[in-house]
Amino acid sequence: MCSSDLHVVDEADPPGWAITFQQISTEELGDTAGTRIDAFVASLGAEQAERVRSRETLGIRLFKGTEDQVYPAELIYLDVPLEDELGVSGLLVIQIEPTTFIYGTLFAVAEAFEAGGRETLAALFDSLRIEPTTGRRLSELGRIEQGSA
């Protein structure tokens, strides 16, 4: 199941990178962010897996949470040969509930990625805060009740 997408795009003209976030609730893909990335790398095959540029474990902060209140996440970057240049594809997997994950998929031109795109994306992930679904539902419910009154 996917909810609506959220797109974040580099402001350069033409954009050097773009990322899309989607929420996915399914058990078939693995039970942690790490196992989902493992399955993704395994699906690439040995030849493709050599293109892994980097992989790291992250903690994405809870909205209005403390420093140690984080959702577990994994981030992987792959080199992608293009016709005239090299691209970078990324996958960010954040586990927000036992079977609910947020996927961030990104693509960048390697030149833009190395010239500051990677640092910009790292800052984006560092500043990213996720509000728990239950908190958002309660807030929306409160607004609906106030509107009805």
Side-chain angles (χ1 to χ4, degrees), residues 1-44 48-49 51-80 86-149:
M1 175 180 125
C2 291
S3 62
S4 60
D5 297 349
L6 170 65
H7 302 281
V8 183
V9 181
D10 178 24
E11 293 181 345
D13 186 24
W17 58 268
I19 185 167
T20 300
F21 292 96
Q22 292 180 323
Q23 182 173 310
I24 299 175
S25 298
T26 180
E27 295 179 22
E28 293 88 40
L29 300 173
D31 56 357
T32 69
T35 59
R36 287 177 180 233
I37 293 287
D38 291 341
F40 171 71
V41 172
S43 74
L44 295 174
Q48 300 279 343
R51 296 190 306 183
V52 173
R53 179 181 277 247
S54 66
R55 178 177 175 176
E56 58 187 292
T57 300
L58 303 174
I60 304 297
R61 295 255 318 268
L62 176 71
F63 182 67
K64 295 184 180 177
T66 63
E67 286 287 326
D68 59 344
Q69 291 178 305
V70 296
Y71 291 105
E74 291 277 332
L75 173 64
I76 189 169
Y77 289 115
L78 304 167
D79 287 328
V80 179
L86 185 65
V88 177
S89 177
L91 177 62
L92 172 69
V93 180
I94 309 164
Q95 185 171 13
I96 59 171
E97 292 178 1
T99 60
T100 303
F101 296 79
I102 294 176
Y103 276 65
T105 54
L106 74 95
F107 184 79
V109 176
E111 184 177 319
F113 185 76
E114 293 302 335
R118 183 180 196 134
E119 289 79 21
T120 300
L121 291 167
L124 170 71
F125 300 147
D126 189 48
S127 65
L128 188 63
R129 302 293 183 264
I130 298 175
E131 182 178 14
T133 307
T134 53
R136 188 173 58 238
R137 284 187 195 137
L138 289 174
S139 175
E140 289 170 357
L141 203 64
R143 281 189 235 129
I144 289 170
E145 288 175 358
Q146 286 176 345
S148 296

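We count residues from 1, following the sequence as given.
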So for atom CD, which belongs to E114, do other residues, nucleotides or ligands contribute more than 12 heavy atoms lying within a distance under 6.0 Å?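 Yes.
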
Which pairs count as side chain to side chain donor-acceptor pair (under 3.5 Å) when at least one residue sits in residues 8-17, sequence neighbours excluded?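 Non-adjacent pairs meeting side chain to side chain donor-acceptor pair (under 3.5 Å): zero.
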
Locate the shortest heavy-atom distance separating [X] from [Y]; write the atom from each residue and the value.
X: R51; Y: V80; value: NH1-CA, 4.2 Å
X: A33; Y: P72; value: CB-O, 4.1 Å
X: G16; Y: A112; value: CA-CB, 3.6 Å
X: V88; Y: A110; value: CG2-CA, 3.9 Å
X: E56; Y: L58; value: OE1-CD2, 3.4 Å

Atom [atom1] in [X], atom [atom2] in [Y]: separation rounded to 0.5 Å?
X: F63; Y: E131; atom1: CZ; atom2: CD; answer: 5.5 Å
X: Y71; Y: I96; atom1: OH; atom2: CD1; answer: 6.5 Å
X: R36; Y: F101; atom1: CZ; atom2: CZ; answer: 3.5 Å
X: L124; Y: I19; atom1: CG; atom2: CD1; answer: 6.0 Å
X: F40; Y: E74; atom1: CZ; atom2: CD; answer: 13.0 Å

Does T35 reach the main-chain N or O of D31 with its side chain, forming a donor-acceptor pair under 3.5 Å?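 Yes; at least one donor-acceptor contact below 3.5 Å.
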
Any donor-acceptor N/O pair, R118 side chain to A115 backbone, under 3.5 Å: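 Between the backbone of A115 and the side chain of R118 there is no qualifying donor-acceptor contact (under 3.5 Å).
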
[X] side chain near [Y] side chain, heavy-atom distance below 4.5 Å:
X: L91; Y: Y103; value: yes
X: V70; Y: I60; value: no
X: I94; Y: L128; value: yes
X: T20; Y: L106; value: no
X: H7; Y: F21; value: no
X: L78; Y: L44; value: yes
X: Q95; Y: T32; value: yes
X: T120; Y: F125; value: no

Could you walk me through whether I130 and L62 satisfy the side-chain contact (heavy atoms from CB on, under 4.5 Å) test, starting with their C-alpha distance in whole Å, then the side-chain angles of each, then the deciding distance to 0.1 Å, before giving a yes or no? CA-CA 5 Å; I130 298 175; L62 176 71; over 6 Å; no

Does a side chain donor of either S25 or T100 reach within less than 3.5 Å of an acceptor in the other side chain?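 Side-chain D/A pair, S25 to T100: present.
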
Can you name the salt bridge (Lys or Arg N to Asp or Glu O under 4.0 Å) partners of D79, sequence neighbours left out?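 Checked D79 against salt bridge (Lys or Arg N to Asp or Glu O under 4.0 Å); matches are R53.
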
Could you list the residues that satisfy salt bridge (Lys or Arg N to Asp or Glu O under 4.0 Å) with D38, not counting sequence neighbours?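 Per chain and number, D38 pairs via salt bridge (Lys or Arg N to Asp or Glu O under 4.0 Å) with R55.
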
